[in-house]
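One structure is given here, and the rest of the page talks about it.
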Amino acid sequence: MNAISSPGEFTELDRFMFESWGYLVIPGVLTDAEISECLAASIRLHEAAGTTGWAQIGRGFETEPALERLIDHPAVLPKVRALYGDRFILQSAWCTKQPALGGMGGWHQDGSGAYDFKKLGYPIPLLQLRASFLLTDQSLPRTGNMEMIPGSHRSQVELPGAIRAAKEDVPVGHVICAPAGSVLFFHNAVWHRTFAHDGDYDRYTMHYIYSPPWVRCSDRFENNPEFLDRTTPTRRYLMGPFARPDAPFGAGYPVEFGEG
Ligand SMILES: O=C(O)CCC(=O)C(=O)O
């Protein structure tokens, strides 16, 4: 059983599955050529940074065109717009390496260590919508998959601390099995972890995180001006430096009235 979606439009069924489980799996987003380009770019980033063990590198889109192209991928962007409307930013983009023979990661919800999203209310709002592009095959369990707990974004209780500390399995854990080129699309409040990786090669995944425009970016304090100059208008917008029509006062944006 999987919350399978298709590239592009956020359908009514997508909305139902996303509301129910907190995530979707979209197979067949990247071509084989795109997977190879993005994988080579990810390996270059980690080699240049000399990472060892499990590691995440941000801002790879500034230097790697293949990773820049995923910022506004047409398979994913319509779904982000369906959930947020037109005003959102790329809060961060992380290139994650799970090393060969890497162990289980820790269970967590996404958010900010500086200010727990739970303080904002219940249900935890959608603030970091993530599209994770799998760049190595994860068709079978123990290939560095993500493990999700379906529906846990609506749980009013925490995953027990003892289970988290011991990195134990839970009966409702769902190991996401999908080939390279698939996207896992999920709500920040879903409990999840990196699953074990028994392969003798490093596993790479590119995570793109979209947020409302007032959330601070976490992979950068400032945008790179050269990148802003040369990228496309849509990507420049998603970097967040757009003008506010109401600045410096809070006069508000034009109101959009619904039909009828
Ligand atoms: O292993 C990964 O690629 C994702 C890790 C994770 O859960 C996260 O970045 O929040």
Side-chain angles (χ1 to χ4, degrees), residues 23 29-30 34 37-73 76-77 79-81 83-84 87-99 105-106 108-117 124-136 144 146 183-190 192-194 202-242:
Y23 57 91
V29 170
L30 300 182
E34 287 170 323
E37 280 177 356
C38 293
L39 183 58
S42 300
I43 293 169
R44 266 195 300 276
L45 285 178
H46 280 267
E47 281 182 353
T51 60
T52 54
W54 191 94
Q56 291 194 303
I57 295 186
R59 312 176 72 140
F61 54 81
E62 290 176 0
T63 51
E64 293 288 350
L67 303 184
E68 179 186 340
R69 284 193 282 276
L70 303 190
I71 290 175
D72 55 347
H73 197 288
V76 170
L77 213 66
K79 299 188 198 297
V80 182
R81 287 180 75 174
L83 284 159
Y84 277 147
R87 297 187 190 115
F88 59 89
I89 56 162
L90 181 75
Q91 187 262 357
S92 54
W94 299 107
C95 178
T96 306
K97 177 174 77 172
Q98 156 86 318
H108 64 282
Q109 295 169 297
D110 286 340
S112 158
Y115 194 97
D116 193 331
F117 287 0
I124 297 174
L126 182 64
L127 293 171
Q128 293 186 1
L129 177 59
R130 186 185 286 239
S132 304
F133 290 76
L134 314 188
L135 302 180
T136 49
M146 293 284 273
V183 168
L184 170 65
F185 184 73
F186 68 100
H187 190 299
N188 43 274
V190 178
H192 63 277
R193 66 171 170 179
T194 309
D202 297 335
R203 181 229 71 178
Y204 290 91
T205 299
M206 260 318 296
H207 302 274
Y208 293 80
I209 292 136
Y210 303 92
S211 295
W214 34 260
V215 173
R216 289 193 77 173
C217 297
S218 65
D219 63 348
R220 57 196 190 277
F221 287 121
E222 285 173 3
N223 283 309
N224 173 336
E226 287 89 49
F227 175 73
L228 287 184
D229 279 350
R230 68 170 169 72
T231 194
T232 66
T234 302
R235 293 173 195 158
R236 194 175 307 122
Y237 182 92
L238 289 173
M239 291 297 123
F242 41 80

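Being a predicted model, the structure only gives us computed values, none of them experimental. Quick note: numbers below take in every heavy atom, side chains included, and nothing from hydrogens, waters or symmetry partners.
To the nearest 0.5 Å, atoms OG1 (T194) and CH2 (W54) are separated by 5.5 Å. Annotation: the span from K97 atom NZ to T51 atom OG1 amounts to 3.5 Å, rounded to 0.5 Å. Put simply, CZ on R236 and CZ on R230 are 11.0 Å apart, with the number rounded to the nearest 0.5 Å. Residue L135 holds its CG atom at 8.0 Å from CE of M206, rounded to the nearest 0.5 Å. Of the inter-residue distances, the one linking D229 atom CG with N224 atom CG reads 9.0 Å to the nearest 0.5 angstrom. Distance check, rounded to the nearest 0.5 Å: CE of M146 to CZ of R193 gives 11.5 Å.
Between L90 and F61 the shortest heavy-atom distance is CD2-CE2, 4.0 Å. Considering all non-hydrogen atoms of both residues, I71 and L77 come closest at O-CD1, 4.1 Å. Taking each heavy atom of F186 and S132 in turn, the nearest pair found is CE2-OG, 3.7 Å. L45 and I57 make their closest contact through O-CD1, 3.4 Å (heavy atoms, listed as atom of the first residue, atom of the second, distance). The shortest non-hydrogen separation linking Y208 to L67 is OH-O, 2.7 Å. Of all heavy-atom pairs spanning C38 and A66, the tightest one is SG-O, 3.7 Å.
Although no hydrogens or angles enter the test, the distance criterion places a donor-acceptor pair under 3.5 Å between the side chain of Q91 and the main chain of R216. Between the side chain of N188 and the backbone N or O of L127 there is at least one donor-acceptor pair closer than 3.5 Å.
Under the rule for a ring pair (Phe, Tyr, Trp, His ring centres under 6.0 Å), the partners of Y204 that lie at least two apart in sequence or sit in another chain are H46. Take R235 and apply the side chain to side chain donor-acceptor pair (under 3.5 Å) test, not counting sequence neighbours, and it matches E68, D72. Every residue two or more places apart in sequence or in another chain that forms a side chain to side chain donor-acceptor pair (under 3.5 Å) with H192 is listed here: H108, D110. In terms of the ring pair (Phe, Tyr, Trp, His ring centres under 6.0 Å) criterion, F117 has no residue partners (sequence neighbours excluded). Qualifying side chain to side chain contact (heavy atoms under 4.5 Å, CB included) partners for A40, counting only residues two or more places apart in sequence or in other chains: R44. Checked against side chain to side chain contact (heavy atoms under 4.5 Å, CB included), P213 has the following partners two or more places apart in sequence or in another chain: R87, I89, F242. In terms of the salt bridge (charged side-chain N to carboxylate O under 4.0 Å, His left out) criterion, residue partners of R69 (sequence neighbours excluded) are, by chain and number, E37. Under the side chain to side chain donor-acceptor pair (under 3.5 Å) criterion, R59 pairs with E62, not counting sequence neighbours. With sequence neighbours excluded, the residues satisfying side chain to side chain contact (heavy atoms under 4.5 Å, CB included) with S92 are W94, I209, S218, D219. For Y115, the side chain to side chain contact (heavy atoms under 4.5 Å, CB included) test picks out S112, K119, L120, with sequence neighbours left out. With sequence neighbours excluded, the residues forming a salt bridge (charged side-chain N to carboxylate O under 4.0 Å, His left out) with K79 are D14, listed by chain and number. Under the side chain to side chain donor-acceptor pair (under 3.5 Å) criterion, R81 pairs with D86, sequence neighbours left out.
In the model, Q56 has a side-chain atom that pairs as donor or acceptor with a side-chain atom of T96 under 3.5 Å.
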Task: Criterion side-chain contact (heavy atoms from CB on, under 4.5 Å) on T205 and Q98, from CA distance to verdict - done: CA-CA 8 Å; T205 299; Q98 156 86 318; over 6 Å; no
Task: Stepwise side-chain contact (heavy atoms from CB on, under 4.5 Å) check, V29 with F185 - done: CA-CA 12 Å; V29 170; F185 184 73; over 6 Å; no
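Y210 and F88 have perpendicular rings, their planes meeting at more than 60° on a 0 to 90° scale where under 30° would count as parallel.
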